[in-house]
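In what follows, every chain begins at residue 1, and chains take the letters A, B, ... in the order their sequences are listed.
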There are 2 protein chains.
Amino acid sequence: MNNMAQAKSTYQFEDLLEKHQLKKTGARLRVLSMMYAKNTATSQPDLESVLNDIDRVTLYRILNVFEEKGIIHKVFDLNGTANYAVCSSGCQEHHHHDEHLHFNCTNCKGVFCLNEIKFPTINLPAGFHADGFTVYASGLCAKCSKMQ
Amino acid sequence: MNNMAQAKSTYQFEDLLEKHQLKKTGARLRVLSMMYAKNTATSQPDLESVLNDIDRVTLYRILNVFEEKGIIHKVFDLNGTANYAVCSSGCQEHHHHDEHLHFNCTNCKGVFCLNEIKFPTINLPAGFHADGFTVYASGLCAKCSKMQ
DNA sequence: TTGTAAATGCAATACTGTTGCATTTGTATT
DNA sequence: AATACAAATGCAACAGTATTGCATTTACAA
């Protein structure tokens, strides 16, 4: 959950791209370093404003290919805005293990991926077959709770 | 969960609007009858294509006011598309009890609100305070499971 | 160093959602 | 039933989000 646990050097980002047969371009390295530096998911608007010299279309394509490769996952917040977060090590190509809890802070709008939370299996009505669960919680994050 | 349980006549829709101090207009009655006729949430594009003679802006405003009044609730599917569903009787104005399970069928794209599913309380990390939970499951619905 | 496929940037387009304003409509009141 | 007024609708315009095609540039393997 903390930044240090995910901190990576440029070399490690390059390795990551190589591992997924992706060319090491400046734009991709910057997207990776921005997302790894945070412990929350990054919204599409945030990505765009910080990486504003990267073409918007390029950004979409980078995010899409990262998602396909299982490097990041997309999560919609409670307003339907796309947010992107680095996948935990359990994620694999085309099959994300994003069955963790997504916490939406109603104050700072942060989206936290709480990987450590395990939630129990949920029984579905007859006939329904689930291949994945995602739990969204909304409320105040640790930081915003203190300030209230 | 079945249609009959929610089936209503035009008179009942009129009562519903009156109860919430909303004028009984043709557009509103048609939106209500469309949503009550289904056992899945209705996507924004579906609403628009079926009710194509109602202005798009009017539709947004109707959906917004219905949501504010607690008549319907909005749920984003796993693609970030807005879907609308009739609230269960537990919903109240400005305070939805939409803590039920939303099931996304990956085949028919249907969004099912499984009100009868109760999921256990989930413990959050220290400092986080949740005021609401939503659980999304994706997979095959009962109908699509049979066809595979 | 060079050739080539991949990646990027740009233009154009479609979809989603919002705001302001003029017109129409529902309904409470006389 | 007629009227008066607020609410609801339709239209135009606009902003944000996402996709596609194509020309150019870049990464990297030979």
Whole-Å distance separating the [atom1] atom of [X] from the [atom2] atom of [N]:
| X | N | atom1 | atom2 | value |
| --- | --- | --- | --- | --- |
| B:L59 | C:dT18 | CG | C1' | 14 Å |
| B:Y60 | C:dG20 | OH | C1' | 18 Å |
| A:N64 | C:dA6 | CG | C1' | 16 Å |
| A:L63 | C:dA7 | CG | P | 14 Å |
| A:F66 | C:dA7 | CZ | P | 10 Å |
| A:K24 | C:dA6 | NZ | C1' | 14 Å |
| B:N79 | C:dC15 | CG | P | 16 Å |
| A:I62 | C:dA6 | CD1 | P | 16 Å |

Verify whether the ring centers belonging to A:F128 and B:F112 lie closer than 6.0 Å.
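Yes - the distance between ring centres of A:F128 and B:F112 falls below the 6.0 Å cut-off.
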Using modelled atom types only, decide if a donor and an acceptor are shared between the side chain of [X] and the backbone of [Y] within a distance under 3.5 Å.
| X | Y | value |
| --- | --- | --- |
| B:S145 | A:G127 | yes |
| A:N104 | A:L78 | yes |
| B:N83 | B:T81 | yes |

Taking DNA chain D as the partner, which of residues 42-56 of chain A come within under 4.0 angstrom of it by heavy atom?
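When residues 42-56 of chain A is checked for heavy atoms under 4.0 Å from DNA chain D, the hits, listed by number, are A:Q44, A:P45, A:R56.
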Parallel, tilted or perpendicular: which one describes the rings of A:Y36 and A:F13, with boundaries at 30° and 60°?
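Correct class here is tilted.
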According to the interplanar angle, ranging from 0 to 90°, do the rings of A:Y136 and B:Y136 count as parallel (below 30°), tilted (30 to 60°) or perpendicular (above 60°)?
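Ring orientation, 0 to 90° scale: perpendicular.
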Is B:R30 salt-bridged to B:D53, going by a charged N under 4.0 Å from an acidic O?
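Answer for the salt bridge query: yes.
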Toward the 5' end of DNA chain C, by each residue's nearest nucleotide, B:K23 or B:A82
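Counting from the 5' end, the first nearest nucleotide belongs to B:A82.
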Between A:R28 and B:V57, just flag the one whose closest nucleotide in DNA chain C comes earlier from the 5' side.
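The residue closer to the strand's 5' end, by nearest nucleotide, is A:R28.
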Rounded distance (nearest 0.5 Å) linking atom NE2 of A:H20 with atom CZ of A:R28
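Separation between the atoms: 12.0 Å.
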Out of C:dG26, C:dG20, C:dA6, whichever nucleotide has its closest atom nearest the side chain of B:T25
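When the side chain of B:T25 is considered, C:dG26 is the closest of C:dG26, C:dG20, C:dA6.
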First and last nucleotide of DNA chain D in contact with chain B, 5' to 3', at under 4.0 Å to a heavy atom: what are they?
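So the contact region on DNA chain D extends D:dA6 to D:dA12.
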Heavy atoms under 4.0 Å, any strand shown: does A:R61 hit a base, just sugar-phosphate, or nothing?
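Base, at least one base atom sits under 4.0 Å.
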Which atom of A:Y60 lies closest to which atom of A:E48, heavy atoms considered
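Closest heavy-atom pair between A:Y60 and A:E48: OH-OE2, 4.1 Å.
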